[in-house]
Amino acid sequence: MEDRYKPDIIESKWRKSWEDAKIYKVSDDPEKEKYYLLEMFPYPSGKIHIGHVRNYTIGDVVARYKHMKGFNVLHPMGWDAFGMPAENAAIANKTHPARWTYDNIDAMRLQLKQMGFSYDWDREIATCRPEYYRWEQWLFLKMYEKGMAYRKESYVNWCEPCQTVLANEQVESGMCWRCGKPVRQKKLAQWFFRITDYADDLLVHCDLLPGWPDKVVAMQKNWIGKSIGAEIRFAVENSSEQIVVFTTRQDTIFGATFMCLAPEHPMVQKLSKGTIQEQPVNTFVERISMQDRSSKGVESYEKEGVFTGAWCINPLSGARMPVYTANFALMGYGTGAVMSVPAHDQRDFDFARKYDLDIIVVVNSDQRLDPATMIEAYPGDGVMINSGDFNGLKNTLAIESIADYLETHNLGKRTISFRLRDWGISRQRYWGAPIPMIHCDDCGIVPVSESDLPIVLPEDADLLEGGRSPLPTLDYFARTPCPKCASPSARRETDTMDTFVESSWYFQRYCSPDYHEGMFDPKAVDYWMPVDQYIGGVEHAILHLLYSRYYTRVLRDIGLITYKEPFTRLLTQGMVCKETVHCPTHGFLFPDESTEGKDRRCKSCDQAVVIGRVEKMSKSKKNVVDPNILLEKYGADTTRLFCLFASPPERSLEWNEQGVEGCYRFLNRVWRLCAVWMPYIQPVIAFDGSMDDLELELRDLYKKIHHTIYKVTNDIEDRFHFNTAISAVMELVNMLYGFSVDERSPAKTSMYRLAIESVVLLLSPVTPHIAEEIWSELGKPSIFKSSWPIHRTEALIKDMLLVVVQINGKLRSKFSVAADADDAVIEQLALSDERVQKMIDGKPIRKVVVVQKKLVNIVI
RNA sequence: GCCUGGGUGGCGGAACAGGUAGACGCAAGGGACUUAAAAUCCCUCGGGGUUUAUCCCUGUACGAGUUCGAUUCUCGUCCCAGGCACCA
């Protein structure tokens, strides 16, 4: 065995050997228990960054571990290959999105291979290939047939100068990121998936996902946001129109003093037309259309509104209520109209104070509420007042009785409303999967016939000015005869699908990536699905995971699969974060594009740069770290080890390279230990005898070995805490450094061999190359044909226990005691302890708490 | 703003069911080896105090509370991160 650890040599050697032997190739084997381990596939941005390395190292460790545990492990990799960055890069670098994407895939595949990840590359998929997205188009047709895909109008960010739709990310404080001009909301007809049909089902099943982190389940539940309430109809004064509101607080209806409509609400224009308010309303609505209408934007703007000129009648109190349009009312939630109860809702309260509107208290709290002096709304429970026949009732009961009243008097009805909205999948973009629909002047919207699939995205088209999609202008793509009436003037839908559609079913495609008869081979999916362990960034905790759960339900209802939930266990990895660096002329900078130190400057223009906040690494902010630097300097094993050792996976990590040196040093320590011991341990076999016959020193070592096996196994199996698993191995290695070889003692050498074999086995999922190299030096076949070590229970039992003595909860003394001593003995020993006696100093003992075999607390 | 997390030495983190705070590693300081350096090995390492001890006080973002005992549970505050529906 070489004296020195040379990662570059052993890593390339074993990478090649494993690839030649196709050791990662996996096939369906009903004889073996399957384990489907999946990491979220990456967007092919061109280079892997540390976040990917962290994610995929975690996955690889689990895959290798489960493999050694005897499972038939499916561990695939692929590319979420459609999306905006390809278009941006095409504009910036004058390349083509397809070319850019495929080049990036090649570059990143190479990088992933260098990391030594155990993927079955024969199953690789790229979502931008027609073989993949044709099945997505096929499913779209099925969904359209079932009414699950439909078209309706909705709003997009529109930049007039660029004549283009902008993603939220492309809007920077209300302005277009390219031309800097204001962005406004524009109404467009777009395609939607009816995810709200499954709102209740998705919600109920949140509680049937025990393998998911509680926080993700909580986020999903809140996102779906079920609320139970009522729809109430308000008559408009001097009109046949009615305004329908949704409220969860119908108990407060007597306190409703005004009405707020979303600016997009169709009644707004109708009601103000012809009144003196028409002009102010139009100005207001126009102005609001320039505001960010996302929930984030809406909640952060100051609440404002304008009177529409119309009044409506409170159906219970009979009061005249002015109808406003207000920026805090959302068209997408409930009915887009809010009955405003300023006394009991904070937003309504702020609004009423601002516009000097009536406040009527209808639910009294313990302190008597006075509208004149209230400084905030009272949303809590209490007794009804100012509410006619309902006075004196507890408001929690009034919720029911008022709902009854509304229903019996035909003024409204009980309703359940969800915060969840239907999934808008239309994108006015080029680099995405075409939606397989045709617009015919005579027949309307006509689906493409199944036999015409796939509708192939032309890969050679160039983007237009301002990044506009070329698809509408490409006659050879857009012009097509109508499948129904053969009219030659029909046009294809030129919107493409949201890339979340591709990522909502890719995990099934991996089961049979080359299948040509459908989305996937039912037999393969039946064997492999659902995914046993899914691993990915916590930033996907809501959208991607919810869409995948929804899509899985659609597939089930169509009869393609039998399971409802795609991911049995989920690990959400914390973000790898880093500060952003921004240059006034060159925008965001990569870490190596600015100088180091205190006074940081842009390397290309020497201007001072602005150091931004620490946030998740992303291509667009350029705050990414290229793992290649670590890879070149230390090799894949050290890089992998460091990513895991730095922190537990669910925690976010502010990137800092300090510490990588220590990981490299540790692997060197392992190597040197093996190199020195190898001549002695090579000829012997690992200790396999009884612990009882061992001399004390070896007995301790034996116990340490088994304790380490136990700890590492638990840390991986139960909680994926690789950092503590690695420190346990470090402790064992530190202990081994205290022993020296003695060739005359076979007892020692065989125990050393057991120790080394254990260290190597335990490290092998984390640092596969060095493990394989040492393993082969030990004269063994591939370590990945080996079984995971199993601890011996008897080795975990301690002979002596350390008992801690506290006085009034403060540590005062400790002593060792035989492991079988009972509590009474321990209490006596504690009380008679010299130091304890001194501290007690004759004071009366009020209480003694004995925690079994661990601690005594004496209260004086 | 709303939802979800997080905050422990100079740094990354440990303490898994309320019971020794700081495992393991980095950085720093001291020492050994060496002609020298690197590498390696050994020691010290939260803060403060003194009688220098198996010593005392203090300390897990901040402020309260529950408890014999709180980094851990409860309430309030501050700060940071993720998500907020067209980034993926």
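What you see is a predicted model; the values in this text were computed from it and never measured. Chain letters run A, B, ... following the sequence lines, proteins first and then strands; every chain starts at 1.
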Next on the checklist: Taking the cut-offs as 6.0 angstrom to the six-membered ring centre and 45 degrees off its axis, would you call A:Lys152 and A:Phe192 a cation-pi pair?
Outcome noted: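 Positive - A:Lys152 is close enough to the ring of A:Phe192 and near enough to its axis.
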Next on the checklist: Do A:Arg419 and A:Trp223 form a cation-pi contact, if we require the NZ or CZ to be under 6.0 Å from the six-membered ring centre and within 45 degrees of the ring's axis?
Outcome noted: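 Yes - A:Arg419 lies over the ring of A:Trp223, closer than 6.0 Å to its centre and within 45° of its axis.
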Side chain to side chain, [X] and [Y], heavy atoms closer than 4.5 Å:
{"X": "A:Val501", "Y": "A:Asp498", "answer": "yes"}
{"X": "A:Tyr150", "Y": "A:Asp422", "answer": "yes"}
{"X": "A:Glu39", "Y": "A:Met77", "answer": "yes"}
{"X": "A:Ile845", "Y": "A:Val848", "answer": "yes"}

Is [X] near enough to [N] that one of its side-chain N or O atoms lies under 4.0 angstrom from OP1 or OP2?
{"X": "A:Arg719", "N": "B:rA15", "result": "yes"}
{"X": "A:Asn222", "N": "B:rU4", "result": "yes"}
{"X": "A:Asn656", "N": "B:rG13", "result": "no"}
{"X": "A:Asn723", "N": "B:rA14", "result": "yes"}

Using whole Å, report how far [atom1] of [X] lies from [atom2] of [N].
{"X": "A:Gln658", "N": "B:rG25", "atom1": "CD", "atom2": "C1'", "result": "11 Å"}
{"X": "A:Phe418", "N": "B:rC3", "atom1": "CZ", "atom2": "P", "result": "19 Å"}
{"X": "A:Leu667", "N": "B:rA39", "atom1": "CG", "atom2": "C1'", "result": "16 Å"}
{"X": "A:Phe642", "N": "B:rA27", "atom1": "CZ", "atom2": "P", "result": "11 Å"}
{"X": "A:Glu731", "N": "B:rG22", "atom1": "CD", "atom2": "C1'", "result": "14 Å"}
{"X": "A:Glu650", "N": "B:rG6", "atom1": "CD", "atom2": "P", "result": "9 Å"}
{"X": "A:His721", "N": "B:rA15", "atom1": "NE2", "atom2": "C1'", "result": "12 Å"}
{"X": "A:Gln573", "N": "B:rG5", "atom1": "CD", "atom2": "P", "result": "18 Å"}

Checklist entry - Around A:Phe588, counting heavy atoms of other residues, nucleotides and ligands shown, do more than 12 lie under 6.0 Å from its CZ? => result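 Check passes, neighbour count above 12.
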Scan side-chain atoms only and decide if [X] and [Y] contain a donor-acceptor pair under the 3.5 Å cut-off.
{"X": "A:Asp823", "Y": "A:Gln852", "result": "no"}
{"X": "A:Glu169", "Y": "A:Ser620", "result": "yes"}
{"X": "A:Ser469", "Y": "A:Gln428", "result": "no"}
{"X": "A:Ser548", "Y": "A:Tyr506", "result": "no"}

Next on the checklist: Here's a test of your reading of the structure: between A:Arg651 and A:Lys854, which maps to the more 5' nucleotide of RNA chain B?
Outcome noted: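 So the residue in question is A:Arg651.
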Determine the Euclidean distance between corresponding [atom1] atoms of [M] and [N]; express it in Å to zero decimal places.
{"N": "B:rG65", "M": "B:rG12", "atom1": "P", "value": "31 Å"}
{"N": "B:rG82", "M": "B:rG29", "atom1": "P", "value": "35 Å"}
{"N": "B:rG7", "M": "B:rC87", "atom1": "P", "value": "30 Å"}
{"N": "B:rA61", "M": "B:rA14", "atom1": "P", "value": "14 Å"}
{"N": "B:rU71", "M": "B:rC16", "atom1": "C1'", "value": "14 Å"}
{"N": "B:rU44", "M": "B:rC24", "atom1": "P", "value": "12 Å"}
{"N": "B:rU77", "M": "B:rC42", "atom1": "C1'", "value": "48 Å"}
{"N": "B:rG13", "M": "B:rU67", "atom1": "C1'", "value": "29 Å"}

Tabulated below should be each protein N or O lying under 3.5 Å from an N or O of nucleotides 51-60 of chain B; please produce it.
from   : atom 1 : to       : atom 2 : distance (Å)
B:rC56 : OP1    : A:Arg812 : NH1    : 3.2
B:rC57 : OP1    : A:Arg812 : NH2    : 3.2
B:rC57 : OP2    : A:Arg812 : NH1    : 3.2
B:rU58 : OP2    : A:Lys810 : NZ     : 3.2

Polar atoms only, N or O, under 3.5 Å: list the protein pairs with nucleotides 41-46 of chain B and their distances.
from   : atom 1 : to       : atom 2 : distance (Å)
B:rC41 : OP1    : A:Arg669 : NH1    : 2.3

Item to check | Qualifying residues under salt bridge (Lys or Arg N to Asp or Glu O under 4.0 Å), relative to A:Arg669, sequence neighbours excluded | outcome: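 So A:Arg669 forms no salt bridge (Lys or Arg N to Asp or Glu O under 4.0 Å) with any residue.
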Spacing of [X] atom [atom1] and [Y] atom [atom2] [to the nearest 0.5 Å]:
{"X": "A:Lys215", "Y": "A:Gln220", "atom1": "NZ", "atom2": "CD", "result": "13.0 Å"}
{"X": "A:Leu796", "Y": "A:His707", "atom1": "CG", "atom2": "NE2", "result": "6.5 Å"}
{"X": "A:Leu673", "Y": "A:Leu736", "atom1": "CG", "atom2": "CG", "result": "5.5 Å"}
{"X": "A:Phe666", "Y": "A:Glu661", "atom1": "CZ", "atom2": "CD", "result": "15.0 Å"}

Checklist entry - What's the base orientation of B:rA32: syn (chi within 90° of 0) or anti? => result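 Anti, angle beyond 90° from zero.
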Checklist entry - Base of B:rG46 relative to its sugar, syn (within 90° of 0) or anti? => result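 B:rG46: anti.
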Checklist entry - What do the steps show when you test A:Phe642 against A:Trp655 for ring pair (Phe, Tyr, Trp, His ring centres under 6.0 Å), and what is the final call? => result CA-CA 11 Å; A:Phe642 178 56; A:Trp655 183 251; 5.7 Å; yes
Checklist entry - Nucleotide by nucleotide, 5' to 3', does protein get under 4.0 Å of the base (B), only the sugar-phosphate (S), or neither (-) in nucleotides 74-88 of chain B, counting heavy atoms? => result -------SBSBBBBB
Next on the checklist: Run A:Leu641 and A:Tyr634 through side chain to side chain contact (heavy atoms under 4.5 Å, CB included) and show every step you take.
Outcome noted: CA-CA 11 Å; A:Leu641 183 68; A:Tyr634 302 103; over 6 Å; no
Checklist outcome for this item: Annotated structure of RNA chain B as dot-bracket, pair cut-off 3.5 Å, Watson-Crick or G-U only, | for inter-strand, is (((((((..(((......[....))).(((((.......))))).(((((..).))))..(((((..]....))))))))))))....
Students often get this wrong, so: under 4.0 angstrom with heavy atoms, is [X] touching a base, only sugar-phosphate, or nothing?
{"X": "A:Ala541", "value": "nothing"}
{"X": "A:Lys711", "value": "base"}
{"X": "A:Asn714", "value": "nothing"}
{"X": "A:Leu802", "value": "base"}

Polar pairs (N or O, both sides) under 3.5 Å between protein and nucleotides 67-71 of chain B?
from   : atom 1 : to       : atom 2 : distance (Å)
B:rC68 : O2'    : A:Asn857 : ND2    : 3.4
B:rC68 : O2     : A:Asn857 : ND2    : 2.4

Checklist entry - Can you name the one residue among A:Val165, A:Leu166, A:Val171 that meets side chain to side chain contact (heavy atoms under 4.5 Å, CB included) with A:Cys159? => result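 Considering A:Val165, A:Leu166, A:Val171, a side chain to side chain contact (heavy atoms under 4.5 Å, CB included) with A:Cys159 is found only for A:Leu166.
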